[in-house]
Amino acid sequence: NNLRKTRPDNLLNLTDTTDIRNRKPFPSWGRPENLRWAWWGWEPLANRQREGGRAVPYFGATRWTGQWHDEMFSEATIRRMSALGINLAVTHFFKGFGLKAERDEMMQTAEFVKKCHRHGIRVAGYTQFRSLYYETFLKEEPRALSWIQRKADGSLSTWGGAYYRLAPCINSPEFIRYLKKAIGYGAREIGLDAFHFDNSYAGPCYCPRCKKLFRAYLAKNIRDKARMSFLDFSRVEIPPYNDQAAMVRDPLYQEWIRFRVERLSATWCEIYRHVKSINPELGVITNPGFPRSPAWANRLSLHPYDFGRSTDFTFAENGNYPCLRDKNLITQIRAYKAAESAGYRVIPTAWLSDKAGNTRCPDTGREVDLSLAEAAAFGGIAGSTWALRATAPHRMVIDRPGLAPALGKFISFLDRNRALYAGAVTDAPAAMLHSFDSFAFQSETACQRFMGLEQSLIESGVPYGVLFAEQLEKIGRYQLVIVAGQVCLSDEILARLRDYVRRGGKLVVTAESGALDENGLQREINGFDGILNGK
């Protein structure tokens, strides 16, 4: 009941090859109802060995990792997965050791691509965006230390605290050129059908390059002397980073968040265009860590609406494998909703947890069915992140009793019934307003209120959409707009909401919404006074 075949204008038309919102090319093979994906070892052996022993099904190394690795890439496994209905494999390409250091495994990927194509499976190559393994990479690119992000004290930044994984600066033209070189090699020499860019977000950087760009951004964009108290930005330093900043009032820090989001969006626009310039049929898959934790603007330099212009698919990698956990509904629906509105599609990479909180793979066919059903029902890409994970030298999770039949049976069900849901979009009478400034500067309140009311809609079975503030021209298609925890709203947004109510639209507004303007400045009276008339 949440889906319909007749679509309002200006939504993403999955039967076309172009995103209507920004005319971006979309691969003709990439319609969600036609894709069934599987993880296929996107960590190279070198990475597993370098990380040492960790939880085997997910990362890490064992004495028999090589045996499992060879089994996973064998033609027998490819044939088996194809027979189950899998037609998109996401596997290793570039992890950050260097094109020369990874050449042998890249050649294995090239052979894997040929085998997969014989069995009707397209291949996406894992391409690391956020780390370079200095022990091998600097041998290939000795000057690459100048590409790396700097902490406030001038030291080198690393990814995830791993001292051997240096985090490149997204504003380094040399790093972007190298990444483009790797993309070209993957497309032309390896034969990849798509690229999966992992960790496609950006952390804070204090390098001289970023400092110069930030000062230029301020000089170009800031004209309000009363707000900033100074207009000569030539000596401004980047403010100290606070990853726990639930409330951002410092105007310089606010602009630093906006600057970082703008730079990440521009970088991905450049990379996306480069991929499509090679071949518009190449797919772009990203993993920006959304939605996984609050304060994504500050922590990840991310605005999902902007990001949607430069990706075809996004991994939602988190612990939201659909289930009931202690009577609480766990779901990926909020990821699918944001994606539909922003113009991309979600590949769920979610995990279950045991009673001790440890990550686990599905144990039953019912758990397999539910993940596939939820993805298909909400416009995601159904498939499996768990099937080929290792459990023993020649055994994988898919070998557990009942899992392979469940996967194959449900994919067959989806294939037989794709005409019922292909191209469908949510028939939503209600929308949740998503204001960037609220999530950036009042992240704790915005996330708690927004996600809390969102969860109520999901559990009540009420179809809803996400309405980004940049999309207010579409507000008239909704009977109800929910403004939950959107503390920071501009006068322009409030005027659009006032007009919506004047024309018969209805609002649900939490008390703190509209209390501040887009820069977090307190209003004399709440922005919704005079709109709601006490209701």
Side-chain angles (χ1 to χ4, degrees), residues 8 10-11 21-22 221-224 226-227 247-249 251 254-255 257-258 261-262 265 294-298 302-309 337-338 340-343 428-454 464-535:
N10 299 324
L11 281 182
R21 179 163 69 86
N22 51 32
N221 292 282
I222 305 303
R223 297 288 182 267
D224 185 356
R227 172 174 172 243
M247 183 183 300
V248 180
R249 292 175 172 167
Q254 290 176 346
E255 293 305 324
I257 291 176
R258 287 177 172 144
V261 169
E262 179 181 287
S265 297
W296 46 76
N298 181 41
L302 181 73
H303 179 24
Y305 181 78
D306 280 353
F307 204 85
R309 291 182 294 187
K337 294 290 187 178
E340 181 180 351
S341 185
M432 299 281 297
L433 181 67
H434 187 294
S435 154
F436 168 78
D437 300 318
S438 296
F439 283 98
F441 309 143
Q442 297 281 331
S443 60
E444 184 173 308
T445 299
C447 281
Q448 286 181 355
R449 302 292 190 272
F450 188 97
M451 295 175 71
L453 274 167
E454 192 175 29
Y464 73 95
V466 173
L467 181 67
F468 289 97
E470 293 87 347
Q471 300 173 304
L472 283 176
E473 75 280 359
K474 300 179 180 180
I475 195 171
R477 69 181 56 175
Y478 299 105
Q479 301 170 32
L480 173 72
V481 172
I482 299 170
V483 187
Q486 304 306 288
V487 186
C488 302
L489 295 175
S490 67
D491 291 342
E492 180 183 358
I493 292 174
L494 289 169
R496 298 294 290 269
L497 294 173
R498 182 178 292 108
D499 182 64
Y500 168 72
V501 172
R502 187 180 299 117
R503 290 183 290 109
K506 298 185 184 301
L507 296 178
V508 169
V509 181
T510 59
E512 66 285 325
S513 293
L516 311 179
D517 70 8
E518 68 273 24
N519 295 318
L521 298 178
Q522 185 81 34
R523 285 189 164 90
E524 296 88 341
I525 58 173
N526 184 285
F528 284 97
D529 285 6
I531 297 178
L532 301 180
N533 298 321
K535 296 182 182 179

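Evaluation of the side chain to side chain contact (heavy atoms under 4.5 Å, CB included) rule for Glu444 yields Ala246, Gln448 as partners, not counting sequence neighbours. Residues passing the salt bridge (charged side-chain N to carboxylate O under 4.0 Å, His left out) test with Glu454, sequence neighbours excluded: Arg334. Legend: residues meeting side chain to side chain contact (heavy atoms under 4.5 Å, CB included) with Glu524, ordered by chain and number and at least two apart, are absent. Every residue two or more places apart in sequence or in another chain that forms a salt bridge (charged side-chain N to carboxylate O under 4.0 Å, His left out) with Arg449 is listed here: Glu512.
The salt bridge (charged side-chain N to carboxylate O under 4.0 Å, His left out) analysis of residues 481-490, with sequence neighbours excluded, yields no pairs. Residue pairs meeting the salt bridge (charged side-chain N to carboxylate O under 4.0 Å, His left out) criterion with at least one member in residues 495-505, sequence neighbours excluded, are Asp499-Arg502, Asp499-Arg503.
Residues Arg227 and Glu255 are paired through a salt bridge, judged by an N-O separation under 4.0 Å between the basic side chain and the carboxylate.
Residues Glu262 and Asp306 have side chains not in contact (no heavy-atom distance under 4.5 Å, counting atoms from C-beta outward). Within the 4.5 Å cutoff, the side chain of Asn298 has no heavy atoms near those of the Val248 side chain.
Checked by atom type and distance alone, the side chain of Asn519 never pairs as donor or acceptor with a backbone atom of Leu521 at under 3.5 Å.
Taking OG from Ser513 and CD1 from Ile482, the interatomic distance works out to 11.0 Å, rounded to the nearest 0.5 Å.
Relative orientation of the Phe450 and His434 rings is perpendicular, given thresholds of 30° and 60° on the angle between their planes.
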